[in-house]
Amino acid sequence: MAMQPAPQPRWMRWVDSRLPIFGSMAHFNAYPTPKNLNYWWTFGSFAAITLVVMLVTGIVLAMHYTPHVDHAFDSIERIMRDVNHGWLLRYVHANGAAMFFLVVYIHIFRGLYYGSYKAPRELVWWFGIIILLCMMATAFMGYVLPWGQMSYWAAKVITNLFSAIPLVGEGITTWLWGGFAVDNPTLNRFFSLHYLLPFVIVGLVVMHIWSFHAVGNGNPLGIDVKSPKDTLPFHPYYTVKDVFCIGIFLLVFAAFVFFAPNFMGHPDNYIPADSLVTPAHIVPEWYFLPFYAILRATPDILFINAKLAGVIAMFGSILLLFLLPWLDNSKVRSANYRPAYRVAFWLFVIDCIVLGFCGAAAPEGIWLDISRIATAWYFFHFLILVPIIARTERPKPLPFSISEPVVKTAARA
Amino acid sequence: MAEAEAHGHGGETRRDFIYLLGGAMGAIGAAAFAWPLIDSLSPAADTKAASTTEVDLSAIKEGQAVTVKWRGSPVFIRYRTKDEIARAVKDDKASMPDPQPDAARHQDGKPQWLVMLGVCTHLGCIPLGQSSSDKKGDFGGWFCPCHGSHYDTAGRIRKGPAPKNLPVPDYRFVTDTRIVVGEKPKKAAA
């Protein structure tokens, strides 16, 4: 039944016997993939294609951009007005960052729902978190490069987070800035790192994919592959599915680029940076809003002042994810078979969206109260609710194999 | 038996020692090379050199404030009114996150001149309050719009997430109406 691959040409065999490059590619073709993956599993491909789009547009944009405080803003305007197709490259790159976070967040929520972080895929999960952290750093530094008002003040506020560290904080911020304020040295190093980090991300993505290819994909039922009947070769079954879905994803991406390129941006960033005037309402891009809400919501905790507590809570909200495989020690992976966890999961999704709205609102009055409750819920979810559910919940019976429910449904029809 | 001869007596061998020494030298070498890379990111000599700004105060009227740029950051200079000084002194005993008497906020004998870094100690935004139409917060001084910190008429933090008072930089009166920001006051003058 298995398709016999065509015999390799001589030159391929010559190369393969020295460097098994084509043999490794054959691994991807034949890679046995659970046959029940649903559409939520295509978001990893969306992330991969977006990374490629960001790299390609970014490399070309860098050929037109000038990383100097006196010229950066003007060089961006030149890209928008004078460089051939410059507007397209920049809008693809700017909206691409937002699309990247969109698909990665959905990818992460998929992992949370289907227990993709559980044994034996803890390292897949860890590499994923490290990728997320690198993406955040890259996106932040990229946002600074146009040197508009929002760029400048984002740089100022975020680098000031480090001044919250006791004793050495001030020294660290001066070192990060390369001066006594955010200035040209800061812009230069951000440009350098913004160019470097995406390649680091490529390396991490390789580790991320390698680490689940070693143990096999998870799947919506959350049970292990039992026999070859449960799988399909990755090519052509999943390559075709992924390419089709990428087509739909690119339609959404293109809709933003061509019809609402500034929908997710802030008009203030079309004003050149001014180190003496802070814009009246500074907010980060939407994909940072939940974390921004946590930063601002945290009050004084015991002897820790609100500033340091906010910074700890914000970084902690992500670092906490590293512990998730142990906080949730339920043997059942998929939330489809975990009634209580499923409710907790959806409450958590709502909580993250609420935090997003809180991050966009001014930190006063009712919004401050809501952000505090939502922040508390975020930590309550991971540190108390999930461990308790994992240890007390009675899961529904799992199907015997991946092919079993399919066979049953087919028999009923 | 040649193998045994290469070994020392107490279970530790010369080879172990060489491994340790080699490893340590490698680590020291790597650290020694890393330091110039790390330290190159600290402020360069020209950045440090451009670190004083001279300001003429004679044009500032009572109740007015000006903002000057020093080391890339704004410095707030306010010619405080008698009311504002009195209000700040009255609050010296009030509870605040970073307690400081008003006398520690200005130079001796010149309570009318308040010179501070106009950078919110929370996350570095520029507080409002320099122009007469600005929102000045609950204590009549400055208000940071980013995250809602309120500073009083001595630039002390009274409410909101900022942990510290607006910092007072080193500055020196060259004459009664000229200051140099970034230089320590002379001992004799104090």
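Here is the naming used below: chain letters follow the sequence lines, and residue numbers restart at 1 for every chain.
If you measure heavy-atom distances from A:Leu295 to chain B, the contacts under 4.5 Å come from the side chain alone. Heavy atoms closer than 4.5 Å to chain A are found nowhere in B:Leu128, neither backbone nor side chain. Contact of A:Leu276 with chain B is made through backbone and side chain together, with heavy-atom distances under 4.5 Å.
Atom CZ of A:Phe357 is surrounded by 12 or fewer heavy atoms from other residues, nucleotides or ligands within 6.0 Å.
With chain A as partner, the option from B:Ala162, B:Cys146, B:Pro161 having the largest number of non-hydrogen pairs under 4.5 angstrom is B:Cys146.
Side-chain atoms of B:Leu123 and A:Leu161, non-hydrogen and from C-beta on, do get closer than 4.5 Å to each other.
In terms of heavy atoms, B:Pro145 sits closest to A:Ala280 at CB-O, 3.8 Å.
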Put together the list of donor-acceptor pairs under 3.5 Å connecting chain B with chain A, please.
unit_1   : atom_1 : unit_2   : atom_2 : d
B:Ile38  : O      : A:Trp175 : NE1    : 2.7
B:Leu41  : O      : A:Arg189 : NH1    : 3.0
B:Leu41  : O      : A:Arg189 : NH2    : 2.8
B:Lys69  : NZ     : A:Ser275 : OG     : 3.1
B:Thr121 : O      : A:Lys307 : NZ     : 2.8
B:His122 : O      : A:Lys307 : NZ     : 2.9
B:Leu123 : O      : A:Asn160 : ND2    : 3.1
B:Gly124 : O      : A:Lys156 : NZ     : 3.3
B:Ile126 : N      : A:Thr278 : OG1    : 2.6
B:His147 : NE2    : A:Tyr292 : OH     : 2.8

